[in-house]
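Note that the structure is a prediction, hence the values are computed from the model and not measured. Both ligands and their constituent atoms are indexed starting at 1 by order of listing.
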Amino acid sequence: MTRKKRKIIITVDGYSSCGKSTFAKAIARELGYIYIDSGAMYRAVTLFALRRGLAGNGIADEAGILNALPEITITFRPDSETGFSATYLNGEKVEREIRDREVSDNVSPVSTIAGVRARLVELQRSLGAGGGVVMDGRDIGTVVFPAARLKIFMTARPEVRAQRRYLELVSKGLPADFDAVMKNISERDRIDSSREVSPLRQADDAVVLDNSDMTPEEQMVWFRELYKKRINES
Ligand code: DC
């Protein structure tokens, strides 16, 4: 008798710009799972705060943002162009806007606010509750789904990450300056790893993937091995 494969939760955490979302999307596509981008939620709150003048110059107005939280609704809807979900802020599609430089420069301070994290963790848990999801972020394996079956912690050398991010911006026709990208990456790593609430850290039971010298296909070969082993263990 063949046993129906159980749909598990896969978490992908790690530093900024090490290719988490590309890798997580490829896994989701291969397994027929849903991909959830938790960083997009922090970015959407940051975009809202910027528009309201509650964040800027790397500083977030904690009281103001907490006060405005009930006015923020974040949803995801399938996007036929990409085949994945697009992020909506209060009904407006903001998938492009949340990737802007200003959002990237202000998202880390906004994500240190405990009340913001509590709201978004609740949303992340509700979206992933049924299993069959790949979620990427910083605290998914440690805080959001500590009991997930498969946890991956991604890393890559800082200069490799900056180069990838720089090339991504260039390919999208966005303004790009290598030194500025490098600075943003190091600053986000510093804040994400040192914040008091849910800092970025590797879960004890996570498997590390350093993809500095790996192609996307090599990463998938690595993943298939790992997944096969895990599924056979259950
Ligand atoms: O994955 P990303 O670069 O789009 O995430 C943007 C920021 O959001 C990141 O600098 C830190 C924050 N973040 C977080 O604090 N916790 C998560 N689970 C995901 C992202």
Side-chain angles (χ1 to χ4, degrees), residues 9-25 28 35-50 55 58-60 62 65 72 74 76 84-87 89 94-128 133-146 148 151-156 158 161-162 164-166 168-169 172 174 181-203 206 209 211:
I9 294 175
I10 301 176
T11 66
V12 180
D13 288 304
Y15 295 99
S16 299
S17 304
C18 44
K20 292 190 300 294
S21 70
T22 307
F23 178 67
K25 279 179 187 166
Y35 163 67
I36 301 170
D37 176 358
S38 70
M41 303 178 195
Y42 291 94
R43 288 175 177 273
V45 173
T46 305
L47 179 64
F48 179 94
L50 283 166
I59 299 166
E62 179 167 345
I65 293 173
I72 305 177
I74 299 165
F76 294 93
F84 293 99
S85 296
T87 314
L89 169 63
V94 290
E95 197 51 44
R96 198 184 53 76
E97 290 79 354
I98 59 172
R99 314 285 162 194
D100 280 353
R101 165 93 187 270
E102 222 194 339
V103 173
S104 296
D105 285 345
N106 287 279
V107 64
S108 280
V110 171
S111 1
T112 60
I113 303 171
V116 169
R117 302 204 70 82
R119 245 308 279 292
L120 297 186
V121 166
E122 194 185 322
L123 176 60
Q124 288 150 16
R125 287 188 179 142
S126 70
L127 291 173
V133 299
V134 184
M135 193 177 293
D136 73 355
R138 304 293 187 288
D139 59 342
I140 311 303
T142 51
V143 174
V144 182
F145 293 115
K151 300 180 185 177
I152 296 165
F153 189 83
M154 281 180 80
T155 181
R161 295 191 272 138
R164 286 180 187 155
R165 179 86 187 116
Y166 172 79
E168 188 190 339
L169 291 172
K172 287 182 181 164
L174 293 167
V181 169
M182 188 79 194
K183 200 167 152 234
N184 174 262
I185 286 181
S186 338
E187 186 58 6
R188 278 206 284 153
D189 285 349
R190 189 187 65 73
I191 303 177
D192 295 346
S193 311
S194 62
R195 68 178 173 227
E196 254 172 58
V197 193
S198 312
L200 168 66
R201 69 167 185 82
Q202 185 191 327
L209 171 61
N211 69 1

Decide whether an N or O pair under 3.5 Å exists between [X] and ligand 1.
{"X": "R99", "answer": "no"}
{"X": "R188", "answer": "yes"}
{"X": "R195", "answer": "yes"}
{"X": "Y42", "answer": "no"}

Is a donor on one side and an acceptor on the other found under 3.5 Å between the side chain of [X] and the backbone of [Y]?
{"X": "R161", "Y": "A156", "answer": "yes"}
{"X": "N106", "Y": "A60", "answer": "no"}
{"X": "K20", "Y": "D136", "answer": "no"}

Using a strict 4.0 Å cut-off to heavy atoms of [X], name the atoms of ligand 1 that fall inside it.
{"X": "S108", "value": "10 (O)"}
{"X": "D192", "value": "9 (C), 10 (O), 11 (C)"}
{"X": "I140", "value": "18 (N)"}
{"X": "S111", "value": "8 (O), 11 (C), 12 (C), 15 (O)"}
{"X": "D139", "value": "16 (N), 17 (C), 18 (N)"}
{"X": "G39", "value": "4 (O), 5 (O), 19 (C), 20 (C)"}

Inset, instruction - Check D37 against ligand 1 and report side chain, backbone, both or neither, counting heavy atoms closer than 4.0 Å. - result: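 The answer is neither; D37 stays 4.0 Å or more away.
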Legend entry - Which segment of R43 sits under 4.0 Å of ligand 1 when only heavy atoms are counted: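 Side chain only.
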Legend entry - Nearest-contact summary for atom 19 (C) of ligand 1 - protein heavy atom, Å: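 Here the nearest protein heavy atom works out to S38 OG, 3.3 Å.
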Under a plain distance cut-off of 3.5 Å, with no hydrogens placed, do [Y] and [X] share a side-chain donor-acceptor pair?
{"X": "R117", "Y": "T112", "value": "no"}
{"X": "S108", "Y": "D192", "value": "yes"}
{"X": "R138", "Y": "S193", "value": "no"}

Legend entry - Enclosure of R164 CZ (heavy-atom neighbours >12, cutoff 6.0 Å):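 Yes, because the 6.0 Å sphere around CZ of R164 holds more than 12 heavy atoms from other groups.
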Legend entry - From the candidates K20, Q124, R138, R117, the one that places a heavy atom nearest atom 9 (C) of ligand 1: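 It is R138 that holds the nearest heavy atom.
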Inset, instruction - Check L47, V103, T87 against E97 for a side chain to side chain contact (heavy atoms under 4.5 Å, CB included) and give me the one that passes. - result: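 Of the listed residues L47, V103, T87, the side chain to side chain contact (heavy atoms under 4.5 Å, CB included) partner of E97 is L47.
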Legend entry - Charged N-O contact under 4.0 Å between R119 and E122: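 Looking at R119 and E122, the cut-off is not met.
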